[in-house]
Amino acid sequence: MEQQRRAVHNGWYHETQSSQQGHLPTAPQAVRVQDRFLLGLDAHLDPTLHRLIHDHSGLLKASRACYEALFPEKVTLSRTITLSLYDRLSSALTVAQVTGVQPLCSHYAVRLAPLASPDASRESNIRQTHITQFARLLATQPTLITLPMLQQLGDVGLSTQDIVTFIQLIGFVSYQARVLAVLGALRGRIAAVLPGFPAPESCAQQGFSLTLRQWQARLPEVDLAIASQHQQDVLDHIAPDARSSSFYRLLVQDAPCLSEFSAVFSHVMHAREQRKVSWRELAAVATSKLNGCLYCAGIHGRFYLEAGGAEEHIEELFSEQNSMGYGTTAAVADAQSLSPEQVLLQASVALTRTPERFNADELHALSDAGYNAAQSLDILLTTALFAWSNRLIQTLGDTTAP
């Protein structure tokens, strides 16, 4: 059956976007905020916590720049850029609805509302349906995305560059939602007014290990012989071996987004000029396990051990019997009986699975377990980052054992 569109808030919403609770309320300030990444939610923090957030100025600058690259005031369409501003904001709203983080839903809804909808032709309806359903599925559980689903995006008219931008967009909003959830917890408030979609079940991915795996792009990579100067400059800047990396050669299809993603990644994982810190690496492993990302879990599992982490923690995480059933209210109440590593896992699970319900209890548990404020924020920012990174790795390429 063909999907239809209907008018809402003086704009048009594809019917596959409807939440189970009806239309989300919007706030005028949601679109007027100067900071479209934090949405002004940092303004009411205690001064000490405000300084703690803004100590990550490089991270915030890169995150804001990525937002502007993905959601500019105007998108000029061309043969290789067909993902319109309506497509982008509509997809961002879908992802925000999945997370249930209310300020984010309001922000993207208000930005989307004034835009004219695409025409209501059969082809346009099919395209919107594929885009919306793909965004919702990837935001919900990355392991459910298959190569044929990715190919269908091309079938409905998205170019390779469009698809790379689209996956970056879904990953970015997934990351943004979790950063806002942390801000809500720091303010003593949960991020949701209305509940989001039901929390996804644990992924069924198996085969986690410390094996060094290979990654190969599913889509055409940029031919470096004909790459633009900007694309070459981005590759040379982000990593010494970027030109030989299938991952980077594909993501440089959208060079501005790759540049800012790389900057965000570096600012999170190398904060305060500390590399391979055990608590960050364990959060990366835990989030990757939850999202079913074999590649990231293996790499950061090795980094965790190099940082002095205990091998038994990796063995337990990678056990096929471990469904990572942390993050419940009972677990928070009984936090004193948990090890610091288990409390870390509990916080990562809660932020990954149910960002709209993430609250101050998780922050208190981290503090009680011995993590200081900067370390706790490291753990949570890493969890948010890998909501983005895992989705890029799992969707855009195939992971194979050597």
Side-chain angles (χ1 to χ4, degrees), residues 143 178 182 202-213 215 265-328 330-353 358 361-390 393-394 399 401-402:
T143 57
R178 286 160 177 85
V182 172
S202 301
C203 75
Q205 183 68 270
Q206 296 184 351
F208 287 91
S209 73
L210 295 175
T211 301
L212 183 62
R213 298 176 186 272
W215 190 92
F265 193 98
S266 294
H267 282 296
V268 172
M269 299 307 289
H270 305 151
R272 299 180 299 282
E273 299 184 357
Q274 295 176 311
R275 294 172 178 262
K276 297 182 182 177
V277 176
S278 61
W279 57 84
R280 281 191 213 125
E281 298 301 341
L282 187 58
V285 177
T287 308
S288 299
K289 172 71 186 295
L290 286 164
N291 289 328
C293 188
L294 297 171
Y295 186 85
C296 294
I299 287 179
H300 291 279
R302 292 194 300 277
F303 289 168
Y304 173 69
L305 297 181
E306 291 173 13
E311 190 169 355
E312 65 195 53
H313 296 142
I314 296 299
E315 292 175 350
E316 181 181 356
L317 268 176
F318 286 174
S319 167
E320 294 185 0
Q321 285 72 46
N322 186 351
S323 62
M324 298 193 68
Y326 301 98
T328 64
V332 173
D334 196 30
Q336 291 184 342
S337 67
L338 301 177
S339 70
E341 290 78 14
Q342 288 173 317
V343 173
L344 181 157
L345 296 178
Q346 171 183 278
S348 291
V349 170
L351 187 58
T352 298
R353 286 184 174 163
F358 190 80
D361 289 343
E362 301 292 351
L363 302 179
H364 296 321
L366 287 169
S367 178
D368 292 343
Y371 297 104
N372 63 35
Q375 291 169 341
S376 296
L377 187 59
D378 276 354
I379 291 164
L380 300 174
L381 288 176
T382 300
T383 299
L385 170 65
F386 277 80
W388 184 359
S389 182
N390 291 160
I393 289 287
Q394 291 170 271
T399 299

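Starting from 1, each residue takes its place in the sequence as its number. Computed from a predicted model, the values in this text were never measured in an experiment.
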Asker: Please check this pair: side chain of S389 against backbone of L385, looking for a donor-acceptor N/O pair closer than 3.5 Å.
Answerer: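 Judged by distance alone, no pair lies under 3.5 Å.
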
Asker: Output the distance between atom CD1 (I393) and atom SG (C296), rounded to the nearest 0.5 Å.
Answerer: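 Output value for this atom pair is 4.5 Å.
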
Asker: Decide yes or no on side chain to side chain contact (heavy atoms under 4.5 Å, CB included) for V182 and L377, but give the supporting numbers first.
Answerer: CA-CA 8 Å; V182 172; L377 187 59; 4.2 Å; yes

Asker: Please check this pair: side chain of Q205 against backbone of L294, looking for a donor-acceptor N/O pair closer than 3.5 Å.
Answerer: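 A pair under 3.5 Å: no.
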
Asker: Not counting sequence neighbours, list each pair that qualifies as a salt bridge (Lys or Arg N to Asp or Glu O under 4.0 Å) and has a residue in residues 375-390.
Answerer: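 Non-adjacent pairs meeting salt bridge (Lys or Arg N to Asp or Glu O under 4.0 Å): R272-D378, R280-D378.
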
Asker: Hey, what do you get for OG (S288) to CD (Q394), rounding to the nearest 0.5 Å?
Answerer: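 It comes to 8.0 Å.
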
Asker: Could I get the full list of salt bridge (charged side-chain N to carboxylate O under 4.0 Å, His left out) partners for R178, not counting sequence neighbours?
Answerer: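 None.
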
Asker: Quick check: closest heavy atoms across A365 and Q346, and the distance to 0.1 Å?
Answerer: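 Minimum heavy-atom contact is CB-NE2, 3.9 Å.
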
Asker: Quick one: CD1 on I299 to CG on L212, what's the gap to the nearest 0.5 Å?
Answerer: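 Taking CD1 in I299 and CG in L212, the distance rounds to 7.0 Å.
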
Asker: Does any N or O in the side chain of E341 come within less than 3.5 Å of the main-chain N or O of A310, such that one atom is a donor and the other an acceptor?
Answerer: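 No; judged by distance alone, with no hydrogens or angles, the pair does not exist.
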
Asker: My understanding is that only residues two or more places apart in sequence, or in another chain, count here; which of them pass salt bridge (charged side-chain N to carboxylate O under 4.0 Å, His left out) with E306?
Answerer: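 In terms of salt bridge (charged side-chain N to carboxylate O under 4.0 Å, His left out), with neighbours along the sequence ignored, E306 is linked to K276.
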
Asker: Determine whether L317 and L282 satisfy the following criterion, side chain to side chain contact (heavy atoms under 4.5 Å, CB included), listing intermediate values before the conclusion.
Answerer: CA-CA 10 Å; L317 268 176; L282 187 58; 3.8 Å; yes

Asker: Roughly how far, to the nearest 0.5 Å, is CG of L351 from CZ of F386?
Answerer: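 Nearest 0.5 Å value for the CZ-CG distance: 13.5 Å.
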
Asker: So which heavy atom on F318 is nearest to which on G298, and how close?
Answerer: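 Looking at all heavy atoms of both residues, the closest pair is CZ-N, 4.5 Å.
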
Asker: For the residue pair A369 and P340, what are the closest heavy atoms and their distance?
Answerer: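 Taking A369 first and P340 second, the nearest heavy atoms are O-CG, 3.6 Å.
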
Asker: Working to the nearest 0.5 angstrom, can you tell me the gap between K289 NZ and N291 CG?
Answerer: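 So the NZ of K289 and the CG of N291 are separated by 11.5 Å.
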
Asker: Between L366 and V343, is a side chain to side chain contact (heavy atoms under 4.5 Å, CB included) present by the stated rule, with each step listed?
Answerer: CA-CA 6 Å; L366 287 169; V343 173; 4.0 Å; yes

Asker: Over all heavy atoms of both residues, which pair between G301 and V285 is shortest? Give the atoms and the distance, please.
Answerer: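 Here G301 and V285 meet closest at N-CG2, 3.3 Å.
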
Asker: Can you name the nearest heavy-atom pair linking R213 to G207, along with the distance?
Answerer: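 Result for this residue pair: NH2-O, 2.7 Å.
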
Asker: What pairs with F303 under ring pair (Phe, Tyr, Trp, His ring centres under 6.0 Å), at least two apart in sequence or on another chain?
Answerer: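 For F303 the ring pair (Phe, Tyr, Trp, His ring centres under 6.0 Å) partners, ignoring immediate neighbours, are H300.
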
Asker: Holding to side chain to side chain contact (heavy atoms under 4.5 Å, CB included), I want the full list of residues that pass it with A283, two or more places apart in sequence or in another chain.
Answerer: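 A283 satisfies side chain to side chain contact (heavy atoms under 4.5 Å, CB included) with L344, S348, I379, T382, T383 once adjacent residues are dropped.
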
Asker: Which residue is it: H313, E281, E311? I am looking for the one with a side chain to side chain donor-acceptor pair (under 3.5 Å) to Y304.
Answerer: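 Only one option passes, and that is H313.
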
Asker: Counting distance only, does the side-chain N/O of N372 pair as donor-acceptor with the main-chain N or O of A374 below 3.5 Å?
Answerer: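 Such a contact is found between N372 side chain and A374 backbone.
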
Asker: What are the two closest non-hydrogen atoms of Q342 and S337, and how far apart are they?
Answerer: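 Smallest heavy-atom distance, with atoms named: OE1-O, 4.4 Å.
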
Asker: State which residues pass side-chain hydrogen bond (donor to acceptor under 3.5 Å, both in side chains) with S266; sequence neighbours excluded, sorted by chain then number.
Answerer: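 Once residues adjacent in sequence are excluded, S266 has no partner under the side-chain hydrogen bond (donor to acceptor under 3.5 Å, both in side chains) criterion.
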
